[in-house]
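Below is one structure, written out as structure tokens; comments come after it.
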Amino acid sequence: MYGYKGRILYVNLTSKKVEVTNVSDDFYGEYLGGSGVAAKIFLDHYKKGLTYDSEYNPIIIMTGPMAGTPTPSVSRFIISSLSPLTGIWGESNCGGFFASYLKFASFDGIVITGKSENPVYLFASKGKAEIRDASKLWGLDTYKTEEFLKKENGKDVEVISIGPAGENLVPYASVVNRRGHLAGRTGMGVVFGSKKLKAVVVQGNEPVQIAKPSKYKEYLKEIFEVYKENPTMAALKDSGSNSSYDLSLQTGDLPLRNWSKGVWPEGDFLGSVKYKDKILVGIETCYSCPVACKRVVEIKDGPYKIEKGPGPEYETVGEFGGMLQIADIEFIAYVNDIANRMGFDTITAGSTIAFLGDLHENGVIDKSFLHGVDLKFGDKDAVLQTVKSIADRTGIGELVSLGSERIANLIGEKAKDYITTVKGLEAPMHDPRGNFALALGYGLSVRGACHVSSLVFPVSSGFMYFPEIPELTDFGDPCSEKLKPELAVKAEDFGMFFNHSAIWCIFGGAALNATQVVTLFNLVTGFDYSLEDILKRGEKIWYLKRGVDNLFGIESKDDRLPKKLKTPLSEGFTQDLAPNDEKMLSKYYKLRDIDSITGKPSKEKLVSIGLSDLLQLLYEG
Ligand code: SF4
């Protein structure tokens, strides 16, 4: 088999059974890889009343066909499961080296069910696997866990692990590779913790076969030239994901003070210049990626001293800077270090703290609700005390570890005006008030508010350009509702292929157009797909995930933005602007043939795209 290994490892932690299933070309040809394959496997495991901590809830770790090849920006994998945070489809996407090494170990993916009584880790090497004791590792942070497992198994292994946040079932716990590559969103680390699975270790050297090696080699030379000449790639190499910070601050893309302000003069202190000046000591990359956008930082002394390690990404700078009004890059690097070690998502953590700060400032809650912490915007000590208590869930950490939606439910109606979630997931650091398409991007994202769940944000913000797809090229004024539903449909369909199933990195992948990625995919896999074939399969994968959400109770009312994100600001670049999501959604539902009340795809649509199994579950119980 080309691109794919044709083998998925199935592990049951209750029975300790480990077996390998061979996968056909036809199956991969239909579901492509990554989260397309994961969604199909999840549907096959679906049971009514499934909960995240059930032994039947699978952890699905899947690579795409490109991982392990020399293609730039594709060494990525996804982890899917029922999300402990949102109660719907959970999915998180991670770079680094693990995906390539899983392929070298002779597997495309791993499906883990059951629950262990004692801490364990999974070791997979050369087409075989075993479950090993991890009692000694329980309680260790992700840095120490990886260090220990490399000592035990050799330097040539790749490790993903959870930290204390995952062990203590913080609903937004993450899974970490090489300290700074995180599957951060939707709490996949909690599912590991609930199964007492501390880590997965992979080892191997079996190369990935390429269907058309000489043509691929020639084409790859051209692709590397494209990377060399692309100015966005140069900016990412120079300043990492935070290269967009200054522009985001100026154009109102960066949310401020829990989405309530449009201007923050002190915010200038968090841009590329200060980052380099104060904390940067090196750069790193993912397997076979010439971009090298990962930052290495160190703080040698002072209150925020940290050893050399991964630096904060734009999203973390946005959350602990703009949202919490703290203009100190050393402080943010320190918080990032805690989150990476403990293993939790900085987007949900930062947004939840900002939500509580906003409620406190407006008198909806008092200090006693905050376990005695005087949590305010700009108060570094109070924020740090809060961050430090999340992983072990003590004091205010018990509250913050719930995430904003559960806290809002505790408080009741009064909290609803302050919340920033869609489908239970906190919105990331991009504001739809200056980019109306993003209202659909967030509202319709199958995992809850997310800017990379489809290509709506990368395309509508001008970060990506696909001239071959008219709806992704001509979508009108960013602050008008016109043509945005059409954009959303195609951005979802192509995104299901691009960054979900073939799993191109959203940063490095921005160097390429649609023709280039489809050509690379075909040369590696041997499929001879046109762009239309790819869009058709992407469409099917999108409906599959939407259907899974419907099975867990998602209706059209859940596709709306929270009030906070569509209330116009009285200042700044986006002053007086706000998207009308109702207007865009009514057109969108027609295009998708989705019922505007139940939010379900029609029976006819499901039959026409070959999802009769989903139809039965949705309509016949
Ligand atoms: S662009 Fe950055 S995050 Fe993406 S694959 Fe390359 S180094 Fe990794």
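As the structure is a prediction and not an experimental result, all values here were calculated from the model. This chain uses plain numbering: 1 for the first residue, then up along the sequence. Order of appearance sets the numbers: ligands from 1, and atoms from 1 within every ligand.
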Next item on the list: Could you label the plane-to-plane angle of the Phe527 and Tyr529 rings as parallel, tilted or perpendicular, counting under 30° as parallel and over 60° as perpendicular?
Entry: parallel
Note to self: Evaluate His181 against Glu284 for side-chain hydrogen bond (donor to acceptor under 3.5 Å, both in side chains), listing each step before the verdict.
What the structure shows: CA-CA 11 Å; His181 301 277; Glu284 269 186 5; 5.1 Å; no
Notebook entry, point to check: Does a side chain donor of either Glu315 or His430 reach within less than 3.5 Å of an acceptor in the other side chain?
Noted result: yes
Notebook entry, point to check: How many protein N, O or S atoms sit closer than 2.8 Å to atom 2 (Fe) of ligand 1?
Noted result: 1
Check: Could you walk me through whether Arg185 and Glu91 pass the salt bridge (charged side-chain N to carboxylate O under 4.0 Å, His left out) check?
Finding: CA-CA 7 Å; Arg185 304 230 72 193; Glu91 174 179 343; over 6 Å; no
Next item on the list: Could you pull out all residues at least two apart from Asp156 that satisfy side-chain hydrogen bond (donor to acceptor under 3.5 Å, both in side chains)?
Entry: Gln203
Check: Would a line drawn from the ring center of Tyr101 to the ring center of Phe104 be shorter than 6.0 Å?
Finding: yes
